[in-house]
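What follows is a single structure, written as structure tokens, with notes after it.
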Number of protein chains: 2
Amino acid sequence: MKATPNATRNTRQRGEVMALLQEVEGARSAQQLYLLLRERGAKVGLTTVYRTLQMLVDAGDADTTRLPGGEQLFRLCSPTHHHHLVCRGCGKTVEVAGPAVERWADEVAADNGFTDVGHTIEIFGTCRDCAAGQAGPA
Amino acid sequence: MKATPNATRNTRQRGEVMALLQEVEGARSAQQLYLLLRERGAKVGLTTVYRTLQMLVDAGDADTTRLPGGEQLFRLCSPTHHHHLVCRGCGKTVEVAGPAVERWADEVAADNGFTDVGHTIEIFGTCRDCAAGQAGPA
DNA sequence: GAGCGAAACGATAATCGTTATCAAGAACTA
DNA sequence: TAGTTCTTGATAACGATTATCGTTTCGCTC
């Protein structure tokens, strides 16, 4: 055989997406990331942005939230289980852990005869900066 | 003036949607409800289904969840604050209250300087029935 | 380096859920 | 019954995401 099958390759495009994700703090939509990449001159197709993001999510290096409108947001994050506190104004995200909440969710589910339990917890609010200067900082 | 302005009318279509929502227990998507209505011979347009559902949500008589895929589910529910335990198989929904969780969410947000706090909590699992008869009952 | 097979790219089209449009119809009240 | 005004609903528009598929690129070996 001439090439290693089943490997994951290092491409320029993936690098660009990763780099951008590390720079922006907070959650961004795929479309936003795509535009940001174009602005900075990185030539990456929209398809590739989606593919890369999905890849990161599958690998556990990123996770997603859904805006009320249904749009999907992505962010890099630690691989351990946690939840997010998200600013409505600027999208700033704080990772929070809540062992008590995890237990509560599992108990409630068990009490009702549910198995194979998972949960989604998101906290939304306005961060100090946005509350102060009514305009959402970048 | 000949008619009372700003009133909300009782139409056949709204009645059909309401009736269906009361019959099915569990969350359904607008598209599902639309199909169910057609099956039972109720002539209601898709637009009207969406409109009626949105109306119910605004009035606090129904609320919504979003599936991982982004599709929006609707269900009638009590107007007090609560969360949901949803079966992945059949959509059965149990309303659960968790004062402790509410407090936790508010505290976490406050600790991080967030104000105007809200949260989203959904628990997913497989209900006893679905776990037993591997096929999701209606 | 040249060659090669597999993986990745990306422009475009397709999909899917949802929302807007707007003329025709129905529910109220006087 | 007449007159409004709200509703309806077929259709088009929309926005995000996914599939298609020919082309490009990577990583490797010779």
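Below, chains carry the letters A, B, ... as their sequence lines are ordered, and counting in each starts from 1. Values reported hereafter were calculated over all heavy atoms of this structure, with side chains retained and with hydrogens, waters and symmetry mates removed.
Counting heavy atoms from C-beta outward, B:L36 and B:E39 have side chains that approach closer than 4.5 Å.
Straight-line distance from the CZ atom of B:R66 to the C1' atom of D:dA16: 12 Å, rounded to whole Å. A:Y34 has its OH atom 14 Å from the P atom of D:dT17, to the nearest Å. Whole-Å rounding puts the B:L33 CG to C:dT18 C1' distance at 14 Å. At whole-Å resolution of the value, CG in B:L73 and C1' in C:dG17 are 12 Å apart. Between A:R38 atom CZ and C:dC9 atom C1' there is a gap of 14 Å when expressed in whole angstrom units. Regarding B:N10, its CG atom lies at a distance of 13 Å from the C1' atom of C:dA26, rounded to whole Å. One interatomic measurement links the two molecules: CG of A:L35 to C1' of D:dG15, which rounds to 13 Å at whole-angstrom precision. Rounded to whole angstrom, the span from the CG atom of A:L37 across to the C1' atom of C:dG10 amounts to 14 Å.
For C:dC28, its base never sits under 3.5 Å from the side chain of B:R9 at any donor and acceptor pair. Remark: the B:R14 side chain and the D:dT7 base include no donor-acceptor N/O pair separated by less than 3.5 Å.
Annotation: proximity of residues 40-58 of chain B to DNA chain D (heavy atom, distance under 4.0 Å) is found for B:K43, B:V44, B:G45, B:T47, B:T48, B:R51, numbered in ascending order.
Of the side-chain N and O atoms in B:T11, none sit less than 4.0 angstrom from OP1 or OP2 of D:dC6. The shortest distance between the side-chain N/O atoms of B:T8 and the OP1/OP2 oxygens of D:dT7 is below 4.0 Å. Under 4.0 angstrom from either OP1 or OP2 of D:dA16 there lies no side-chain N or O belonging to A:Q72. Side-chain nitrogen and oxygen atoms of A:Q13 include none within less than 4.0 Å of the OP1 or OP2 phosphate oxygen of C:dA8.
No donor-acceptor pair closer than 3.5 Å links the side chain of A:R75 to the backbone N or O of A:T65. When atom types are taken as modelled, the side chain of A:R40 and the backbone of A:E16 share no donor-acceptor pair closer than 3.5 angstrom.
Note that the CG atom of B:L20 and the CG atom of B:L37 stand 5.0 Å from one another [nearest 0.5 Å].
Applying the ring pair (Phe, Tyr, Trp, His ring centres under 6.0 Å) test to residues at least two apart or on different chains, the pairs with a partner in residues 84-111 of chain B are B:H82-B:H84.
Ring planes of B:H81 and B:H119: perpendicular class, angle over 60° (limits at 30 and 60°).
In this structure, a donor-acceptor pair under 3.5 Å is absent between the side chains of B:T48 and B:Q13.
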